[in-house]
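The structure appears right after this line, and notes come after that.
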Amino acid sequence: MSTDYVFGIHAVSAFMERAPEDVLELFVLKDREDQRMQPVIQLARKAGVSVQFCNRKSLDDKVNGAQHQGVVAKARLHDAGDESDLARIVERESAPFLLILDGITDPHNLGAILRSADAAGVHAVIAPKDRSVKLTAVVRKVACGAAESVPFINVTNLARTIRQLQEAGVWVVGAAGETETTIYQAELKGPIALAMGAEGDGLRRLTKESCDSLVKIPMFGAVSSLNVSVATGICLYEAVRQRQAK
């Protein structure tokens, strides 16, 4: 567990609601006690968290000039999980619904993906330790609380983790533009892991070769690819649709 700043109204509110015991201090912009800010302040005071009113420069300095919307919380943050945490999740769930991210380096994309993963009921998001973005303050702000609700697993060797998932009965489906099978033709029920690569580069060769099957999102316009967070949302919700179908 580490200590860092969480900022933004939605991110701080969600953190206060889910883990008020981990909020150490709340910093609010002076004269910013409007209708949007009042619930955050009330949550803090109810939890016994110290509320300090600061000038804008003080808040800017805490978050290195990021857009904080007038509220910053100093909090204890849980570190990413590891392979043993993932094994426990797979063992616990009767039909694990997992998301694998390969080479996602933009914190805004990861934050948006975590938000979609939370909404879709994903049991865990998996990413390699190297060449991928970590759970930064920017990720947490964009995720609007999803970074605290969806287990985020960092693994040392992604190909090895995929093999272990397959041995545990999880079917791994990778998104790749060169296949002929669309996401709507694939079987996405039961224990499943969706693997998404970075926009432009896509899945790395070894990751792609490790997947049980490949799918693509059909494209009918002039553009050849979608933003990875948009593509992930489409794939996740096709899986949700199939998993809920009677």
* To do: Would you kindly say whether Asn227 and Asn109 are connected by a side-chain donor-acceptor distance under 3.5 Å?
  => yes
* Asked: If you count the non-hydrogen atoms of other residues, nucleotides and ligands that lie under 6.0 Å from NE2 in His10, is the total more than 12?
  -> no
* Output yes when a side-chain donor or acceptor of Arg140 lies under 3.5 Å from a complementary backbone atom of Gly111, and no otherwise. => no
* Does Ile9 offer a backbone N or O that forms a donor-acceptor pair with the side chain of Gln69 under 3.5 Å? -> yes
* Do other residues, nucleotides or ligands put more than 12 heavy atoms under 6.0 Å from Arg56 CZ? -> no
* Could you tell me whether the side chain of Gln185 and the main chain of Thr182 form a donor-acceptor pair under 3.5 Å? => yes
* With the threshold set at 4.0 Å, does a side-chain nitrogen-carboxylate oxygen contact exist between Asp118 and Arg115? -> no
* Shortest non-hydrogen contact from Leu158 toward Ile100 -> CD1-CG2, 3.7 Å
* For atom CD of Glu25, is the number of surrounding heavy atoms from other residues, nucleotides or ligands below 6.0 Å larger than 12? -> yes
* To do: Could you pull out the closest heavy-atom pair between Glu83 and Asn157, with the gap in Å?
  => OE2-N, 4.5 Å
* Are Glu209 and Arg205 close enough for a salt bridge, meaning some N to O gap below 4.0 Å? -> yes
* Asked: Salt bridge between Lys208 and Glu178, side-chain N to carboxylate O under 4.0 Å?
  -> yes
* Asked: Can you tell me if CD on Glu91 sees more than 12 non-hydrogen neighbours from other groups inside 6.0 Å?
  -> no
* To do: Indicate yes or no: at least one non-hydrogen side-chain atom of Gln52 is less than 4.5 angstrom from one of Leu26.
  => no
